[in-house]
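Below: the structure, in structure tokens.
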Amino acid sequence: MIKKWWHDKVAYQIYPKSFCDSNGDGIGDIPGIISKLDYLQDLGVDIIWLSPCYSSPLADQGYDISDYYNIDPRFGTMEDMEHLIAEAKKRNMYILMDLVVNHCSNEHEWFKKACADPDGKYGNFFYLRDKDGDKLPTNWRSYFGGSVWEDLPGTNKQYLHLFHKKQPDLNWENPEVREEIYKNINWWLEKGLGGFRIDAIINIKKALPFRDYTPDREDGLCSLDNMLKDAVGVGDFLSEMRDRTFKKYDAFSVGEVFNEKPEDIPVFIGEDGYFSSMFDFSAEVCGKSGKGWYDAKPVTPDEYKNCRFDAQARIGDTGFLSNIIENHDEPRGVNRYISDEDRSDQSKKMLAALSFMMRGIPFIYQGQELGMENLEFTSIEQVDDIATLDEYQVALDAGLSPEEALKAVAKFSRDNARTPMQWDNTEHAGFTTGTPWLNVNPNYTRINAATQQNDADSVLRFYKKLIALRKNEEYKNTIVYGSLEPVWRDRHNLMAYYRKGDKTLLVIGNYQKEEQTVGLPAPYKNVLLNNYDDLKETDNAIKLYGYQVLILEL
Ligand code: GLC
């Protein structure tokens, strides 16, 4: 395998709106991010992925871009962005921006021009279809609910939006669209970006000609998965994009890819793949239902283990996954993968170590390093996220009472991860001096960065140790490039694996509150990490405490 600069890095995702507000308007901004670079450097972060901060009406919190060449004034200025890139560079850190090019905003000038002249050049930037009475061009359901078709204002046409109606899909079949996108990517790479996280990218290829599929809910619509299964040839777009942009700059790219087919893996992330890496969403999708969030099942420890191990086995040493336990689209991992009764610093640390030590590039989502938790929503009025509002309606339509519907969607709401970052125990968790745009989790008095910095046993300090271990010259090669082999895979509520390279490491997590004993296959030389102060040993066996996690060198 050819070594790449990003293989041994640690990445951190920032959701700019909720990270740090420097000017008191209640919205996080780029100067706020700059003020926290030292914190991130001290943690050991090398790569920072920024969720979108381009000009945007923020209908989907910036994933609806109205100008790819500008920064939204709420987040700062282009000078701030350049300053951020420069300040990061001083600290040997790389900035990734979010590449959102499946769709733009309906307030982008391309879309405005398409409305003004749908048969002209810009009409062909989108997927437009003539209106035919009440009949929709296809029966596909948008990811955010309702039909994917919406009237094109001022015309007798409709346009396609796989996401929100304020996010019209760009027509990638049109070479002029692709040229515009490559031009913009290169423009940003010229500014010194390290690369991009690539949003919703599988959606850029549509199955043509458009057709209906069997409806799967009462609304008479069908999931977009049907169309995506039929869409062949996304690789032509992706390889062209790689060659025209990332490759020339040796830039890092990580794809948001769901439902990849086994044969896709080598071409997606193998040597000279379309992307440098792609996220492992195996645990995120576990237990989800086609009916909606209200029907999702909790993920058990054994399911968690099997998802993650299966994903590792699918990839093998073909390439690198990017490992996450949460992001801005998910609830907090410590809520999703640990039961309410068992959530504690110990169980949070166990989850961190199990995920972090897997083969791949670890991504930490802001606040994850503090063990930040879901918000307890008491009313749907507190929800901002469009996906949650849609799923609430889906739950009501399925017959749930408003209380039940709120309870069901609160567990999965994207707002759980979007509450302001908890910096300290002053008002609004030190995030802003103004009124935060989204409620701060009231647990900030207990869970915050300042308190945890000073507590050697905190979740934050544990993350620091994990990162330091990944960077330790002695173990680095094994942790980055070593193989992953599951051990005792059938043991209930136990997740354990070897990382084998020039060293042999054994990672063991007791994924339950009860103790359990494991016999060691070989004596260990060193305990590299332990989330308890001690280790209970009885001849060649270890009696693990509840949620104990160990990293041993054999
Ligand atoms: C991705 C983003 C999500 C956004 C969607 C549409 O899934 O992560 O936040 O809503 O794409 O851009």
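Values in this document were obtained by computation on a predicted structure and should not be read as measured data. Just follow the structure's listing: the first ligand is 1, and inside any ligand the first atom is 1. Position 1 is the first residue of the sequence; numbering continues from there.
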| task | Would you please classify the geometry between the Phe19 ring and the Tyr12 ring as parallel, tilted or perpendicular, with 30° and 60° separating the classes? | result | perpendicular
| field | For atom 1 (C) of ligand 1, closest protein heavy-atom neighbour | value | Asp199 OD1, 2.7 Å
| Tyr444-Phe431 aromatic ring centre distance below 6.0 Å | no
| Does the side chain of Ile71 reach to within under 4.5 Å of the side chain of Asp80, using non-hydrogen atoms? | no
| NZ/NE/NH1/NH2 to OD/OE distance under 4.0 Å, Asp310 and Arg308 | no
| request: Look at atom 9 (O) of ligand 1 and say which protein heavy atom is nearest, naming residue and atom and giving the distance to 0.1 Å. | output: Asp329 OD1, 2.6 Å
| request: Taking the side chain as every heavy atom from C-beta outward, state whether Tyr122 and Val177 have any atom pair closer than 4.5 Å. | output: no
| Does the ring of Trp172 carry Lys205 above it, NZ/CZ under 6.0 angstrom from centre and within 45° of its axis? | no
| Does NZ or CZ of Lys165 come closer than 6.0 Å to the centre of the six-membered ring of Trp149, within 45° of the ring's axis? | no
| message | Which residue and atom name correspond to the protein heavy atom nearest atom 10 (O) of ligand 1, and how close is it? | response | Asp60 OD2, 2.5 Å
| said: Out of all atoms in ligand 1, which are within 4.0 Å of some heavy atom of His103? Include the element for each. | reply: 6 (C), 12 (O)
Give the table of side-chain donor-acceptor pairs shorter than 3.5 Å for residues 187-196, with sequence neighbours excluded, one pair per line with atom names and distance.
| residue | atom | partner | partner atom | Å |
| --- | --- | --- | --- | --- |
| Trp188 | NE1 | Tyr68 | O | 3.0 |
| Glu190 | OE2 | Tyr249 | OH | 2.6 |
| Lys191 | NZ | Glu82 | OE2 | 2.5 |

| task | Answer side chain, backbone, both or neither: which part of Gln61 comes under 4.0 Å from ligand 1, heavy atoms only. | result | neither
| request: List the closest protein heavy-atom neighbour of atom 7 (O) of ligand 1: residue, atom name, distance to the nearest 0.1 Å. | output: Glu256 OE2, 2.8 Å
| remark: Under 4.0 Å from one or more heavy atoms of Arg414, ligand 1 contributes atoms 3 (C), 4 (C), 9 (O), 10 (O)
| request: For atom 5 (C) of ligand 1, state which one of Phe163, Phe258, Phe279 supplies the nearest heavy atom. | output: Phe163
| Counting each atom of ligand 1 from 1 as listed, which ones have a heavy atom of Phe144 under 4.0 Å away? | 10 (O)
| query | Any idea which atoms of ligand 1 are less than 4.0 Å away from a heavy-atom of His328? | reply | 2 (C), 3 (C), 8 (O), 9 (O)
| Relative to the heavy atoms of Arg197, which atoms of ligand 1 are at a distance of less than 4.0 Å? | 2 (C), 8 (O)
